[in-house]
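Counting from 1, the numbers follow the sequence of the chain as shown.
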Amino acid sequence: MESSQPQQQQGPKKRGRKPKPKDEKEQQQQQQSAGKMKEGKKAQQPSVDEKYTQWKSLVPVLYDWLANHNLVWPSLSCRYISLTPFFFLVVGHCYFMLQKLRFRVLLLKYAPFAFRVYLSGDRSLSKLPTRIDSVSTSQSRQTDGSVPNTLVIANCEVVKPRVAAAEHISQFNEEARSPFVKKYKTLIHPGEVNRIRELPQNSKIVATHTDSPDVLIWDVEAQPNRHAVLGATHSRPDLILTGHQDNAEFALAMCPTEPYVISGGKDKSVVLWSIQDHISGGSIVKQNKPGEGNDKTAEGPSVGPRGIFCGHEDTVEDVAFCPSSAQEFCSVGDDSCLILWDARVGTGPTIKVEKAHDADLHCVDWNPHDDNLILTGSADNTVRMFDRRNLTSNGVGSPIYKFEGHRAAVLCVQWSPDESSVFGSSAEDGLLNIWDYDKVGKKVERPSKSPSTPAGLFFQHAGHRDKVVDFHWNASDPWTVVSVSDDCDSTGGGGTLQIWRMSDLIYRPEEEVLAELEKFKSHVISCASKP
């Protein structure tokens, strides 16, 4: 399958937002206004490099684990997959795979967790500096647009909590690849990889979005490993989901309860598929056409939709399934609408919130612990939380809270898989904020050092120097996150992958933390008094 990519050589892809038409006079006024604002703020605000340097100096205090991995090409999407029940035990330079149940307690104390990361390798940027290509081959390459797009599967190791030395996690080279991230397999993707989503019941089955109307389904274990070289043949998807009438680039989700897929696109529709009939024994069944035999390079069969849902008036930017139902899902779009759907009652909106935000909506997520709560993120720089019990079918519905902590468009929101009130949000300001809505409105006895801190915000990951386009919580290792940034504006190209876990002193109950620190009080005082 070949996907057309019109005008991809001209510059970086914008995150799912369609530029709004402006007349020439309005555009000139906005440029002049923006220029004056930048001049006024330049003396007050530190540069990106200054802020990054300050963050890096605090890494030993803020983090329990951090791995920084340089990407030659920016990745627009990332997913964190557990490899349990297996761990990798590191002994010298050798790796021994042991079953979890056979681990002894002493080995478990220091053995790192083994996980898998899905990344996209994007060739759409031009005029990037020459570097070692960490997502295709080991040779230096000029990024002239001739390197193929890739879907990269990497194995990564994450040290267990309270094991890594502080000086170790803070001393890394931004231009280097992390020794804890090792490429496992590469697929040559037919078009840019805009979005990756795994099937929760079987994480080796993955869906991807590119610049085409189709959704591509991959059985990554069954797919052959490819070398990303000039002229390489595209990997063939195991299934092709059809139904969109225009490109579907970003909105994609896979159901947590059944093998269902939903997608949204520029045709303003949401499309639902079932791939149940194409999965057997945990793998995708290859249905060969007559005369093909066992040709593994043959393109997978096309799967038509179970339903096409219409109600948006502009591009659908993101979708999410209800955690408890394959028939209920929601979507957001450039029409500023949040729409809830129920496939059991028809293809029209069940609930439509006409003005969920003051600008385009980019992302949505449904709380896996409480299916009444839905998060949305927008170009108006805010995250809003809705309770569907407060929404009505006539388009009326106000958020139960508005979270304001970003200075640019919010690109991704996701609830924590471990804590029902905790979620993260990433944005074009380069920040990944961690929030706890249970802390909103609670009285703080001691004055805050930063009175302007937004309510509910309790941690900011500032390790990226450009827009954080995607992130994913690790469901098997609490409070561990993988995040990726597109660094073309700040460093001239490439991207950054970071795997990190904040210190447990930040999120544990205050009384518990103070009691633990009290044990070290005398030691700290004695060290401070030494000349």
Side-chain angles (χ1 to χ4, degrees), residues 15-18 20 248 250-253 255 262-272 307-406 409-415 420-421 423-425 427 435 437 440 455-456:
R15 161 63 181 90
R17 289 196 310 282
K18 176 168 61 82
K20 300 289 190 284
F250 290 101
L252 181 65
C255 179
I262 51 173
S263 165
K266 290 184 176 180
D267 58 3
K268 309 172 188 177
S269 69
V270 175
V271 183
L272 172 70
I308 299 177
F309 301 81
C310 300
H312 281 284
E313 297 175 3
D314 209 330
T315 300
V316 179
E317 293 285 5
D318 201 10
V319 289
F321 273 102
C322 175
S324 59
S325 173
Q327 304 296 329
E328 296 178 81
F329 40 93
C330 63
S331 59
V332 295
D334 287 346
D335 55 4
S336 302
C337 291
L338 163 66
I339 299 182
L340 276 60
W341 313 85
D342 190 334
R344 295 166 297 190
V345 299
T347 58
T350 304
I351 296 174
K352 183 174 183 178
V353 182
E354 297 280 0
K355 194 71 173 176
H357 280 260
D358 299 327
D360 299 357
L361 273 74
H362 292 160
C363 47
V364 64
D365 196 32
W366 211 314
N367 193 321
H369 310 280
D370 183 350
D371 58 14
N372 289 310
L373 300 181
I374 297 172
L375 287 174
T376 57
S378 169
D380 65 8
N381 307 350
T382 70
V383 176
R384 299 188 183 187
M385 183 167 64
F386 293 86
D387 187 329
R388 66 169 172 171
R389 293 168 295 188
N390 299 339
L391 306 179
T392 62
S393 58
N394 61 359
V396 177
S398 298
I400 57 177
Y401 199 79
K402 181 168 65 173
F403 299 87
E404 299 176 303
H406 287 289
V410 178
L411 302 179
C412 183
V413 291
Q414 190 189 10
W415 290 99
S420 61
S421 62
F423 65 90
S425 63
W435 310 80
Y437 78 81
V440 173

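Here the side chain of Lys352 pairs a donor or acceptor atom with the backbone of Gly311 at under 3.5 angstrom. The backbone N or O of Asp314 lies less than 3.5 Å from no partner atom in the side chain of Asp334, so there is not a single donor-acceptor pair. Between the side chain of Asn381 and the main chain of Ala409, a donor-acceptor pair closer than 3.5 Å is present. Between the side chain of Asn367 and the backbone N or O of Ser420 there is at least one donor-acceptor pair closer than 3.5 Å. Under a 3.5 Å cut-off, the side chain of Ser336 and the backbone N or O of Ala356 do not form any donor-acceptor pair. A donor-acceptor pair under 3.5 Å is absent between the side-chain atoms of Arg384 and the main chain of Leu375, judged by distance alone.
Ring-centre distance between Phe423 and Tyr437: not below the 6.0 Å cut-off.
Here the side chains of Asp365 and Ile374 are not in contact, with every heavy-atom distance at 4.5 Å or above. Residues Val410 and Cys363 have side chains in contact (heavy-atom distance under 4.5 Å, counting atoms from C-beta outward). A 4.5 Å side-chain heavy-atom check between Phe309 and Val271 finds every atom pair outside the cut-off. The shortest distance between side-chain heavy atoms of Cys322 and Phe329 does not fall below 4.5 Å. With a 4.5 Å cut-off on side-chain heavy atoms, Phe403 and Thr382 do not count as touching. Side-chain contact between Pro399 and Met385: absent, with no pair of heavy atoms (C-beta onward) separated by less than 4.5 Å. Looking at heavy atoms from C-beta onward, Val270 lies out of side-chain contact with Leu272 at the 4.5 angstrom threshold.
In this structure, Ala248 and Gly264 approach most closely via the heavy-atom pair CB-O, 3.5 Å. For Trp366 against Leu373, the heavy-atom pair with the smallest separation is CD1-O, 3.5 Å. In terms of heavy atoms, Ser425 sits closest to Trp435 at OG-NE1, 2.9 Å. For the pair Ile308 and Thr347, the tightest heavy-atom approach, listed with the atom from each and the gap, is O-CB, 3.4 Å. Ala455 and Tyr401 get closest at one heavy-atom pair: CB-OH, 3.3 Å.
Between the NE2 atom in His357 and the OG1 atom in Thr376 there is a gap of 2.5 Å [rounded to 0.5 Å]. In this structure, OG on Ser331 lies 10.0 Å from CG on Leu361, to the nearest 0.5 angstrom. Note that CH2 of Trp415 is 8.0 Å distant from OG of Ser421, once rounded to the nearest 0.5 Å. Distance check, rounded to the nearest 0.5 Å: CZ of Phe386 to CG of Leu391 gives 7.0 Å. Between Asn390 atom CG and Asn372 atom CG the span is 9.0 Å, to the nearest 0.5 Å. Rounded to the nearest 0.5 Å, atoms CZ (Phe321) and SG (Cys330) are 10.5 Å apart.
Not counting sequence neighbours, the partners of Ser378 by the side-chain hydrogen bond (donor to acceptor under 3.5 Å, both in side chains) test are Asp380.
Listed by first and then second residue, the salt bridge (charged side-chain N to carboxylate O under 4.0 Å, His left out) pairs that reach into residues 369-379 are Asp371-Arg388, sequence neighbours excluded.
Using modelled atom types, one finds no donor on one side chain facing an acceptor on the other under 3.5 Å when comparing His312 with Ser269.
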